[in-house]
Amino acid sequence: MSLPPERAGSPADGAASERRPASVARKLGAFLVSTKLALALLVAVLVCAVLGVTVVRGARAGELIFATLWFNALLVLLAISAGAAFFSRIWRRKLTLVSVGMILFHLSFAAMLGGIVYNQLFFFRGVLRLTEGETLPNEQPESYDYVERGRFFDFGRLKGTTTLVAMHANYKIDGSNKRAAYELEVGDGPSTTRKVIYVTEYLDFAGVRYFCLKEGYSVLLVLSGQDGREIYGAHVPLQSYKQKDDTFRYATGTAAEEVAFAFPPPPAPPRADVHLAFRPSTVKERDGEVSLRVAVPGPHGGPPVDHTGRVVVGAPFEAGDVVLTPREIRYWVGMDVKYDPGLTIILASLCFGLGGMVLTFAGRVRQGARKRRGEEPRATPTVAAIEREST
Amino acid sequence: MRAEQVMFWTAVALYGLSTVAYIFGVISRSEKLLGAGLVAAAAGFLPHVVSIGVRWVAQGVNPFITIAESLTLGVGVSMLLFLSVQLATKQVRLLGVLVAPVAFALMGWAGTLRQGPSSELVPALQSAWIWIHIVGASTGFGAVLIAAGLGLLFLLKERRQGGIYDRLPDARTLDELSYRFVVGGFTLYGVMIVSGAFWADQVKGIFWNWDPVEVWSLISWLIYGIYLHLRVTMGWRGQRLAIYSLVAVVAMIVSYWGIPFSIETFHSGFRIEH
């Protein structure tokens, strides 16, 4: 907007130009604390949530909506806007049970937001896979199949070692079958914790929590020469593949398909390509039958020769000039290892928020009781009067 | 399980009878038919409770897990709340005109989805949180259903006069009562969501996973959160909120039982990989 030439540079103009940004700031402030903005954001979150379970679903909804920066920014903006809108109105008002409840409820949102942000900066999540009897150092990233962590997380936070003592199938507590339970030992020097964890029970060691995730069979496969001399041995973890009849087949491979593997694995020179499947015994735990398909190099460097067959656990399987023995069956387990320093704040905020809702509800009930007793004046308006109130 | 089946379908039949009595009671403005509707609803509630009890005893674990069981419990708690309101005051006898048809429809739906008893709870469900979660969900649903019923009464009171409508409380009382039931339902739904968050943290170490059932619960909760803000901060009253409460309860039914269970057999976050 241009000014009239005769007023340009006048003292009054200077004052006006100072007032203008203040006015914009005030308008911006008023917009940020307006209930309409908070409600609009609430509706926007609602629409996104509906889209995330109707138009796009599952992992795609996470990729396109729930895990995106813009959606999380929307949530942050909603928390700030709702808090600002609420506290700008409640400020200096008389405290009642209802208003205290509302304050607690809205404060809990701010606290929860703080907890989530703090947690995002320092959290750790890793999948630790162990075979029975195996121990891995906690602070080495290589110990984990999968790692996700906050920007400021320090691996030094994960102290000591973790040992899978045993995997208990059909573990029962007070007659309830927990199906799979992992007996763990987590220790750091003299400080050691040993505990059996199952789906509703986790282990907490110095703020790091261990959760059951998945489990499977592992075959101790021993490679020997024809003279009986052992050359190499290793535990081979098996994947479980769901069959059409809802049963499971346990075999070597990736999560997607069954594949053979080089044995011994690199860097040792491989002697055979092995595909292995295990059928558990219905009578005896950790026993059963192992099917093998072993490809060994042909004589004089010729094409590989396949040897297929089936042996019981403990029995040798001859494949050309080598012998493979599935010596024993153990379990492997995958655990979710989690460090969430903001979790206490988040869960406490949820409780405070709920407490706020309960207080507000109690306050409303008390207000109603007062009205019924005639302690609070009330008119008996018509429907039209109520409608007028709303406009 | 025959006794359970008989009790269940007896309850459905009586709720159906109650529905017919309430609808014709409203059409003909007959107090007697409304009374009959209430008696049929109360009579249906008894075999309803017995069918849940018999199933519980027969399978040995709580019968609130499958969608049919969840529907049966939700309707049972709603009917308990409805009958309690009827005991507390005779002024809102018309409330059954919404509650009875919804109970009949949901129970009929549950009847088509019923499965044989399961002898064991999956390990993830063997948690004390299940009780808080279930109580919050079913009572919350009952509360918002009553709130919607009161909203309907407000609309009826607004449009019709004389006879059964004159016995209804004044418009402001209906409006206030509906609001209070929404606050109660919102709080109880909050109990469900918060207990679910604690439960998920116990099982998976994550309090919120954006799985479909969680998101649908959040949607219902936000819908009632918006209701409360429209009333408290925007000053909405009366007709608009009465209509809103009726639309919201439909959204609640869809989100609670409709969509998540048709897509997912249970919270995907609770599935443990083999």
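Reckoned from all heavy atoms, side chains included, excluding hydrogens, waters and symmetry mates. Numbered from 1 within each chain, the chains take letters A, B, ... in sequence-line order.
- R129(A) CZ: 12 or fewer foreign heavy atoms inside a 6.0 Å radius.
- If you measure heavy-atom distances from Y179(B) to chain A, the contacts under 4.5 Å come from the side chain alone.
- For Q126(B), the parts lying near chain A are the backbone and the side chain together; criterion is any non-hydrogen pair under 4.5 Å.
- If you tally non-hydrogen atom pairs under 4.5 Å between each of G225(B), S127(B), G184(B) and chain A, the highest count goes to G184(B).
- With a 4.5 angstrom heavy-atom cutoff, F211(A) touches chain B only via side-chain atoms.
- Most heavy-atom pairs under 4.5 Å with chain B, from the set D340(A), V358(A), L350(A), T200(A): that is T200(A).
- With hydrogens and angles ignored, the 3.5 Å screen pairs a side-chain donor or acceptor of Y244(B) with a backbone N or O of I223(B).
- Neither the backbone nor the side chain of V61(B) comes within contact range of chain A, judged by heavy atoms closer than 4.5 Å.
- For R179(A), the parts sitting under 4.5 Å from any heavy atom of chain B are the backbone and the side chain alike.
- Only the side chain of I116(A) comes within contact range of chain B, with heavy atoms under 4.5 Å apart.
- A donor-acceptor contact shorter than 3.5 Å is absent between the side chain of Y250(A) and the backbone of P237(A).
- Heavy-atom distances place no part of I65(A) under 4.5 Å from chain B, backbone and side chain included.
- Checking side-chain atoms of E214(B) against main-chain N and O of W210(B) turns up a donor-acceptor pair under 3.5 Å.
- Checking side-chain atoms of W199(B) against main-chain N and O of A124(B) turns up a donor-acceptor pair under 3.5 Å.
- Contact of L174(B) with chain A is not made at all, since no heavy-atom distance falls under 4.5 Å.
- Residue-environment remark: CZ (F352(A)) stays at or below the threshold of 12 foreign heavy atoms within 6.0 Å.
- Judged by distance alone, the side chain of H133(B) and the main-chain N or O of W129(B) form no donor-acceptor pair under 3.5 Å.
- A distance-only check finds no donor-acceptor pair linking the side chain of D201(B) to the backbone of A197(B) [under 3.5 Å].
- Heavy atoms of K178(A) lying under 4.5 Å from chain B belong to its backbone as well as its side chain.
- Looking at I346(A), the atoms closer than 4.5 Å to chain B (heavy atoms on both sides) all sit in the side chain, from C-beta outward.
- Just one of K157(B), R240(B), R231(B), R180(B) meets the salt bridge (Lys or Arg N to Asp or Glu O under 4.0 Å) condition when paired with D175(B); it is R231(B).
- Using modelled atom types, no side-chain atom of E176(B) and backbone atom of R172(B) make a donor-acceptor pair closer than 3.5 Å.
- In terms of modelled atom types and a separation under 3.5 Å, the side chain of T89(B) and the main chain of V85(B) share no donor-acceptor contact.
- When each of V191(B), L218(B), L241(B), L230(B) is scored by its heavy-atom pairs under 4.5 Å with chain A, the top score falls to V191(B).
- With a threshold of 4.5 angstrom between heavy atoms, W221(B) approaches chain A through side-chain atoms but not through N, CA, C or O.
- Counting non-hydrogen atoms of neighbouring residues, nucleotides and ligands closer than 6.0 angstrom, the CZ atom of R60(A) reaches no more than 12 such neighbours.
- Neither the backbone nor the side chain of Y210(A) comes within contact range of chain B; no heavy atom of the residue lies under 4.5 Å from a heavy atom of that chain.
- For residues 38-45 of chain A, heavy-atom neighbours of chain B at less than 4.5 Å comprise L39(A), L42(A), V43(A), V45(A), sorted by residue number.
- Using a distance-only test at 3.5 Å, with no hydrogens or angles considered, no donor-acceptor pair links the side chain of T139(B) to the main chain of G136(B).
- Ranked by heavy-atom pairs under 4.5 Å with chain B, the first of T360(A), L343(A), I173(A) is L343(A).
- With hydrogens and angles ignored, the 3.5 Å screen pairs a side-chain donor or acceptor of S138(B) with a backbone N or O of I134(B).
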